[in-house]
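To start, the structure itself, in structure tokens.
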Amino acid sequence: MPELPEVEVTRRGVAPFVTGRVIRAAIARNRRLRWPVPASLETLAGRTVRAVERRGKYLLFACDGGHLIVHLGMSGSLRLLPAGTPPGKHDHVDLVFGARVLRLRDPRRFGAVLWTEAAPETHPLLAHLGVEPLSRALTAKRLYELTRGHRTAIKHLLMDARRIVGIGNIYACESLFLAGIDPRAPAGRLSRARCARLVVSIKQILRKAIRAGGASLRDFVRSDGEPGHFQLRSWVYGRPGLPCRRCGAALRRIVQGQRATFYCPRCQR
DNA sequence: CTCGCCACCTGGGGGC
DNA sequence: TGCCCCCAGGTGGCGA
């Protein structure tokens with residue numbers, strides 16, 4: 001799935017086609033996502049989409065009277081298709097806009113579609129989210145402060161959405177490579193200089209991935225319905241045993257917190 | 001509060 | 001071909 005760049009690319013792909021448009025119908029063929037798709041989904045019919053926003057990996061469709069919250073989980077994608085396109089097995093939710101339908105496909109059903117009439121930032125899923133990595137709020141100083149007192153590995157902390165949002169397994173590995181930091185390093189012991197380098201690396205890799213149209217691995221499909229062929233060439237992710245593109249050393253795969261971590265034992269210390 | 005771990009799902013790929 | 005096992009980009013929630 002979708003880490004921040006893929007969600008942002010989806011947002012940008014979808015927004016021009018739905019902003020200012022009236023939802024003619026909202027359809028849930030399978031309500032069994034991570035949480036049940038609420039019955040209030042159907043009340044979207046007749047409402048206008050005012051904006052498409054993003055908070056972390058959550059997409060927020062600002063509508064008259066509320067926000068539709070969409071999370072793509074690990075295998076979700078949103079596509080714009082001609083209305084009437086027959087749904088596939090894993091196409092669970094549709095928003096119909098006249099000639100087009102915005103369709104959620106999510107084979108693993110780890111995604112979510114929720115509706116809230118309160119301010120979205122107060123929603124339980126969003127209320128405790130951390131800093132946006134591409135915002136000015138993420139500075140070297142901020143990362144330094146966020147890491148103090150934490151013995152957990154820096155890679156694990158990067159993926160903790162209560163501190164920093166949007167960084168998943170791929171971009172955690174890649175940004176640590178760019179910063180030359182061992183993913184196992186205790187977060188609280190990183191120097192100010194290393195925090196500064198890591199912040200630069202995080203912003204760089206996320207921006208680059210957005211520019212590339214999102215790293216397209218198996219499940220990500222661009223919102224226009226074309227399978228993304230763009231794949232950000234990874235430095236370390238998914239390359240165990242292969243030579244480091246920078247120094248030639250054999251890359252390693254380890255497991256941290258039940259997740260695979262890829263790194264270069266020579267470049268990252 | 002932090003931590004370590006589990007669970008929720010389906011599908012693809014490799015080995016036999 | 002078929003079967004079985006392993007792996008996968010997330011993250012809420014549990015108990016310690």
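So that the names make sense, note that chain A is the first sequence line, chain B the second, and so on, each numbered from 1.
- Between the side chains of A:R163 and A:H150, at least one donor-acceptor pair of N or O atoms lies under 3.5 Å.
- Of the candidates B:dC9, C:dT11, B:dT2, the closest approach to any side-chain atom of A:R108 belongs to B:dC9.
- In this structure, A:K89 does not reach the B:dT10 phosphate: none of its side-chain N or O atoms is under 4.0 Å from OP1 or OP2.
- Rounded to whole angstrom, the span from the CG atom of A:L157 across to the C1' atom of B:dC1 amounts to 15 Å.
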Give me the distances for all protein-to-nucleotides 12-16 of chain C N/O pairs that come in under 3.5 Å?
| from | atom 1 | to | atom 2 | distance (Å) |
| --- | --- | --- | --- | --- |
| C:dG12 | OP1 | A:Y58 | OH | 3.0 |
| C:dG12 | O4' | A:R34 | NH2 | 2.8 |

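- Both A:W115 and A:V37 are assigned to one and the same hydrophobic cluster, defined by single-linkage of ILVMFWY side chains at heavy-atom distances under 4.5 Å.
- At whole-Å resolution of the value, NE2 in A:H156 and P in B:dG4 are 7 Å apart.
- OP1 and OP2 of C:dG9 both lie 4.0 Å or more from every side-chain N or O belonging to A:Y171.
- Interface remark: the A:R109 side chain does not form any donor-acceptor pair with the B:dC9 base, using a distance-only criterion of under 3.5 Å.
- Counting to the nearest Å, the C1' atom of B:dT2 and the CZ atom of A:R148 are 17 Å from each other.
- When both pairing distances are held under 3.5 Å, B:dC9 makes no Watson-Crick or G-U pair with any nucleotide shown.
- In this structure, A:R259 atom CZ and C:dG9 atom P are separated by 4 Å, rounded to whole Å.
- The separation between A:R31 atom CZ and B:dC9 atom P is 17 Å, rounded to whole Å.
- Here the straight-line distance linking atom CZ of A:F110 with atom NE2 of A:H71 works out to 12.0 Å at 0.5 Å rounding.
- Both tests pass for A:R192 against the ring of A:Y144: distance under 6.0 Å to the centre and angle within 45° of the axis.
- The stacking criteria are not both satisfied for A:F110 over the base of C:dT11, which would need a centre-to-centre distance under 5.5 angstrom and an angle between ring planes under 30 degrees.
- Atom CD in A:E3 sits about 9 Å away from atom P in C:dT11, given to the nearest Å.
- In this structure, B:dC16 forms a base pair with C:dG2, meeting either the Watson-Crick or the G-U wobble geometry with both donor-acceptor distances under 3.5 Å.
- Shown here is A:R151, whose CZ atom has no more than 12 heavy atoms of other residues, nucleotides or ligands within 6.0 Å.
- Dashed line: the shortest gap from a side-chain N or O of A:R105 to OP1 or OP2 of B:dG11 is not under 4.0 Å.
- Counting to the nearest Å, the P atom of C:dC7 and the CZ atom of A:F262 are 11 Å from each other.
- For A:M159 and C:dA8, the CE to P distance is 11 Å, given to the nearest whole Å.
- With B:dT10, C:dA8, B:dC3 as the candidates, the nucleotide lying closest to the side chain of A:H90 is B:dT10.
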Could you go through the side-chain contact (heavy atoms from CB on, under 4.5 Å) check for A:R246 and A:F177 one step at a time? CA-CA 10 Å; A:R246 187 168 280 162; A:F177 173 82; 3.9 Å; yes
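- Under a 4.0 Å N-O distance rule, the pair A:D91/A:R29 does not qualify as a salt bridge.
- The environment of A:R148 atom CZ is dense: over 12 non-hydrogen atoms of other residues, nucleotides or ligands sit within 6.0 angstrom.
- Here A:R253 lies in heavy-atom contact (under 4.0 Å) with sugar-phosphate atoms only.
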